[in-house]
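Shown next, in structure tokens, is the structure this report addresses.
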Amino acid sequence: TFSPSEGTPYLTINHDVAADLDSTNAFEGPEKLLEVWFAPSAKALPAGVKEGGLKAVNPDSWTPMLDLVHCKVLSIINSENVDAYLLSE
Amino acid sequence: SSMFVFPHKIILKTCGTTTLLLGLDLMLRIAAAEAGFPYHNVASLDDPKVAATPLRVFYSRKNFLFPQRQRGPHKSWRDEVTFLDSMFENGSAYMVGKMNGDHWYLYITSPTSSLTPPRTPTSSRGVSPSRRSKIPTGIVAPFGGVIENNEDETLEILMTDLDPENAKKFYLDEAAAIAKEKLFAKSEANGDASFDVFSSSGDCDADGQAVLPEALTTEGHALGTVVSEACGLSAVYPTSTYPDARVDAYQFSPCGFSANGVVPAVAGADGAVSKAGHYFTVHVTPEPQCSFASFETNVPARQNGRQTAEVIEQVVNIFRPGRFSVTLFEAKGALATTPGEDADDTRRNWGAAAKQRMERINGYRRVDRIVHDFEDYDLVFRYYERE
């Protein structure tokens, strides 16, 4: 079992989604970009917010939201200050 | 498509006919219900309409190539603004660039709404989405409404009309061929017996040639890594300079490419290390009728002395687009100064040098430069065409 040391980014691949992905019908290049801030910085989370803020949310919790968007999680890089989700479509 | 989750903010960037804005309601609910961020739109966390109160919302995109094929609220900019206005107070919508050419749209909420007291919570049960109370933004007491992250700097390069030869790298067949070439070269350098790709299976074809494990030449992540290296993307933030950097790339079938990079630590010119959560992301659609590539990063260019123009040239050289736009969002007061140095002077001097450098991207003519002075951000939009 691979146990990354603290602070080292590590990658998790969702093989169930990544294995048979077909993007034949993708056609539109330009993306839509949404950025939502809930606090001025990671060090200034309001009282009552869980430690780690949004990063403390279980990754599975984002799945229903991403279903509405029509994206699926292919893989995730977890790191100390940001988690990067690579998505289908 | 990509999503970046920080403790205090979330970035979602989606391609194709995705319906990004339809996920916004649930995103705000998760922020309140599962992360514990404050909410002001309903009386109780048990209310299914609960939505965390954002400090600030940005939504942007380039003009679509095929707007008629978009779905939900994305069929037009007007529809998107109507959707966002129905959710948030104090939103402003902008169009930047040539109306009859490549242009870029931005919707931004104002943090000054923190001066507005929150509305009395009302139950939204039984109220249609178009009539329910809007979600206030910017209410972030007790620490004020202004984004204080003075490192915040986002660069986005949107490229169209990619060079067909360069775009070939982002097709699965081409990527698989490169992967095979690299693996065979590596096996020759190491000797077949010592190269674990071959020695682990020991498979040979009828001619006695080693057979590559299929996954290494077809699996999207494996090929994505190959493409990242072959196209030069891995060299934009190389591990020699950023040892903890990690790239996660995927080559889609039959074509298309996405990559996320995380750069945990960025050393500044003064030796100070920033660990604010830096990322970059790349998305490529290589088909000639709609070729497009985007690059976005929040790795601060000024902090490590590396000029934004260098990053732009490096990225543009990967794709050789016919035209591209650059948007640079910078939090005001973002420029670090040494003690005794006047911040405004530093900003002016640096700004003048950077502006000059940005005017000359090798092989391109800068057509437009448009500056927006927002309340706590500066936005500079530039548009270039191949000479």
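Naming convention: chains lettered A, B, ... in sequence-line order (proteins, then strands); numbering from 1 in each chain.
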So for [X], is it side chain, backbone, both, or neither that comes closer than 4.5 Å to the heavy atoms of chain B?
X: Pro59(A); answer: neither
X: Ile76(A); answer: backbone
X: Ala56(A); answer: neither

Side chain / backbone / both / neither for [X] at chain A, heavy atoms under 4.5 Å:
X: Leu24(B); value: side chain
X: Ala249(B); value: backbone
X: Leu158(B); value: side chain
X: Val284(B); value: neither
X: Arg29(B); value: neither

Do you know the tightest heavy-atom contact between [X] and [Y]?
X: Gly16(B); Y: Glu89(A); answer: CA-OE2, 3.9 Å
X: Cys15(B); Y: Lys32(A); answer: O-NZ, 4.3 Å
X: Phe4(B); Y: Ala84(A); answer: CE2-CB, 3.4 Å
X: Phe37(B); Y: Pro46(A); answer: CE2-CD, 3.8 Å
X: Met65(A); Y: Met3(B); answer: CE-SD, 3.9 Å
X: Arg246(B); Y: Ile77(A); answer: O-CD1, 3.6 Å

Would you say [X]'s side chain and [Y]'s backbone share a donor-acceptor pair under 3.5 angstrom?
X: Lys50(A); Y: Glu34(B); answer: yes
X: Thr18(B); Y: Val69(A); answer: no
X: Asn81(A); Y: Lys275(B); answer: yes

Query - Gap between atom SG of Cys71(A) and atom CG of Leu12(B) - 0.5 Å precision - result: 6.5 Å

Requested in this report: Could you grab the distance from atom CD of Glu219(B) to atom NE2 of His15(A), nearest 0.5 Å is fine?
Outcome: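 One gets 6.5 Å once the value is rounded to the nearest 0.5 Å.
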
Query raised in the report: Quick one: does Val36(A)'s side chain get under 4.5 Å of Lys9(B)'s, heavy atoms only?
Result: no

Query raised in the report: Within a strict 4.5 Å, meaning less than it, do heavy atoms of the Leu26(B) and Trp62(A) side chains meet?
Result: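 Not touching, per the 4.5 Å side-chain cut-off.
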
Under a 4.5 Å heavy-atom cutoff, which of [options] has the most pairs with chain B?
options: Leu54(A), Ile13(A), Val57(A), Leu66(A); value: Leu54(A)
options: Ser75(A), Ser88(A), Gly52(A); value: Ser75(A)
options: Leu33(A), Leu68(A), Val82(A); value: Leu33(A)

Query raised in the report: Do the ring planes of His8(B) and Trp37(A) sit parallel (below 30°), tilted (30 to 60°) or perpendicular (above 60°)?
Result: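 His8(B) and Trp37(A): perpendicular rings.
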
Query - Member of Ile11(B), Leu20(B), Thr14(B) meeting the side-chain contact (heavy atoms from CB on, under 4.5 Å) criterion with Leu34(A) - result: Leu20(B)

Please tabulate, one pair per line, all N/O donor-acceptor pairs under 3.5 Å involving side-chain atoms of residues 60-68 of chain B, not counting sequence neighbours.
| from | atom 1 | to | atom 2 | distance (Å) |
| --- | --- | --- | --- | --- |
| Arg61(B) | NE | Glu80(B) | OE1 | 2.8 |
| Arg61(B) | NE | Glu80(B) | OE2 | 3.1 |
| Arg61(B) | NH2 | Glu80(B) | OE1 | 2.8 |
| Lys62(B) | NZ | Asp102(B) | OD1 | 3.4 |
| Asn63(B) | OD1 | His103(B) | N | 3.2 |

Query raised in the report: Hey, which of Gly36(B), Ala35(B), Ala293(B) has the most heavy atom pairs under 4.5 Å with chain A?
Result: Ala35(B)

Requested in this report: Let me see the working for Leu74(A) and Phe252(B) under side-chain contact (heavy atoms from CB on, under 4.5 Å), right down to the final yes or no.
Outcome: CA-CA 11 Å; Leu74(A) 294 173; Phe252(B) 291 89; 4.0 Å; yes

Query raised in the report: Have His70(A) and Thr17(B) got a donor and an acceptor in their side chains that come within less than 3.5 Å?
Result: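 Looking only at side-chain atoms, Thr17(B) and His70(A) do not form any donor-acceptor pair under 3.5 Å.
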
Query raised in the report: So, Ser294(B) and Glu31(A): side-chain donor and acceptor under 3.5 Å apart, yes or no?
Result: yes

May I have the list of side-chain donor-acceptor pairs in residues 254-263 of chain B shorter than 3.5 Å, sequence neighbours left out?
| from | atom 1 | to | atom 2 | distance (Å) |
| --- | --- | --- | --- | --- |
| Ser258(B) | OG | His283(B) | ND1 | 2.8 |
| Asn260(B) | OD1 | Ser2(B) | OG | 2.6 |
| Asn260(B) | OD1 | Thr281(B) | OG1 | 3.0 |
| Asn260(B) | ND2 | Tyr85(A) | O | 2.9 |

